[in-house]
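In listed order, ligands and their atoms are each counted from 1.
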Amino acid sequence: MVAFPQLRLRRLRQTKMLRALVQENRVETGDLIYPIFVEEGSGIKQEIASMPGVYQLSVDQLPHEVEEVAKLGIPAVLLFGIPQQKDEVGSAAYHPKGVIQQAIRIIKKSVPELLVVTDVCLCEYTSHGHCGIVVNGYVDNDQTLPLLSKTALSHAEAGTDIVAPSDMMDGRVRAIRKTLDGEGFQNIPILSYAAKYASAFYSPFREAVESVPQFGDRRSYQMDPSNVREALREVEQDISEGADIIMVKPALAYLDVIRRVRDTFNYPLAAFNVSGEYAMVKAAAQRGWLDERQIVLEILTAIKRAGADIIITYHAKDVSRWLRVI
Ligand code: PBG
Ligand code: ZN
């Protein structure tokens with residue numbers, strides 16, 4: 001085997017061009033999905049305190065926003081809704097004129113080619129803040145499934161391109177697939193939040209959509225951060241139920257999970273660079289403690305290196321600008 005001094009690994013690091021030529025992983029704007037928080041009402045553009053640069057936007061603000069996203073070359077947005085009314089069964093999630101249903105229609109009208117991905121869950125719409133129906137203080141799996149299916153169907157009817165269930169109920173991918181197929185939506189893909197952990201990194205998001213659980217926590221349905229074999233079983237289950245794209249969430253503290261899923265399954269894999277990961281970078285950058293641009297690109301490169309094909313990130317607009325000027 002060749003060794004030093006014949007072998008010099010620094011030879012290929014001498015210039016920018018040479019480094020680019022041998023680069024193994026690259027972050028591309030075309031891999032990114034930009035999340036948007038849509039609030040019912042009009043004239044609203046309210047910055048989220050723990051997520052500088054990210055806003056709650058009312059439906060009328062969306063055309064302007066998505067035109068910008070599309071111009072930057074970002075292929076998709078992921079929608080989260082903030083309804084005016086919440087109730088025990090999250091009826092605003094599947095109301096035909098709900099905030100997300102309105103948002104889908106207006107986005108598809110203003111920028112038809114932009115992919116709309118819609119988060120399918122009940123927690124933004126339930127008064128108790130849980131992702132499913134609560135029966136005797138416990139989130140009931142089977143009673144939640146028809147409501148998730150109804151929600152996904154109402155998104156499809158409004159014109160969404162991809163549905164993304166994030167609730168972590170067992171059997172929801174099958175239930176949603178069956179409902180969509182039964183109503184003629186067999187071509188709408190399901191991006192399932194397959195391995196979603198009960199993480200403290202979601203707290204800025206819960207502030208953004210006002211979905212902090214009113215009692216208990218989400219540990220009876222989201223995964224224990226200690227487990228990785230279980231993540232493979234979750235992914236296997238969702239694939240067997242008909243998921244088209246699978247997701248690991250959060251990303252940074254779970255890069256090993258992304259790698260294991262990548263090596264085990266030949267499905268498109270998304271990773272969610274979640275709100276708390278965004279907030280940490282922003283807080284440090286605002287203090288001048290870190291270089292935001294370099295840190296973000298390094299983080300997203302790590303997520304790709306771990307094996308993700310798609311990255312959902314609040315940094316997407318900034319990243320697309322940075323990648324342009326490089
Ligand atoms: C809803 C949902 C959450 C996120 C995406 N969909 C929050 C949660 O499960 O509590 C988190 C996104 C983020 O933190 O950026 N089920
Ligand atoms: Zn939820």
Strictly by salt bridge (Lys or Arg N to Asp or Glu O under 4.0 Å), give each pair with a member in residues 195-217 just once, sequence neighbours left out. Asp217-Arg219

Show every salt bridge (Lys or Arg N to Asp or Glu O under 4.0 Å) that has at least one partner inside residues 68-87, sequence neighbours left out. Glu68-Lys317, Glu68-Arg321

Side chain or backbone of Asp167 under 4.0 Å from ligand 1, or both, or neither, by non-hydrogen atoms? neither

Proximity of Phe272 to ligand 1 by residue part, where a heavy atom lies under 4.0 Å: side chain

Counting only N and O atoms by type, is there a donor-acceptor contact under 3.5 Å from the side chain of Glu277 to the main-chain atoms of Ala251? yes

Nearest heavy atom to atom 16 (N) of ligand 1: which of His130, Lys196, Glu124, Met51 does it belong to? Lys196

Heavy-atom proximity to atom 14 (O) of ligand 1 ranks first, among Gly129, Ser275, Ser211, Ala279, for Ser275

Below 4.0 Å from any atom of ligand 1, is there a heavy atom belonging to Tyr278? no

Are Met168 and ligand 1 in contact, using a heavy-atom cut-off of under 4.0 Å? no

Could you pull out all donor-acceptor pairs under 3.5 Å where a side-chain atom in residues 180-190 meets a protein atom, sequence neighbours excluded?
| residue | atom | partner | partner atom | Å |
| --- | --- | --- | --- | --- |
| Asp181 | OD1 | Arg177 | NE | 3.0 |
| Asp181 | OD1 | Arg177 | NH2 | 3.0 |

For the Zn ion (ligand 2), which protein N/O/S atoms are closer than 2.8 Å? Cys121 SG, Cys123 SG, Cys131 SG

If the threshold is 4.0 Å, N to carboxylate O, is there a salt bridge linking Asp256 and Arg260? no

Ring centroids only, cut at 6.0 angstrom: are Phe37 and Tyr55 within range, meaning strictly under it? no

When you check the side-chain N and O atoms of Asp119 and Ser166, is any donor under 3.5 Å from an acceptor? yes

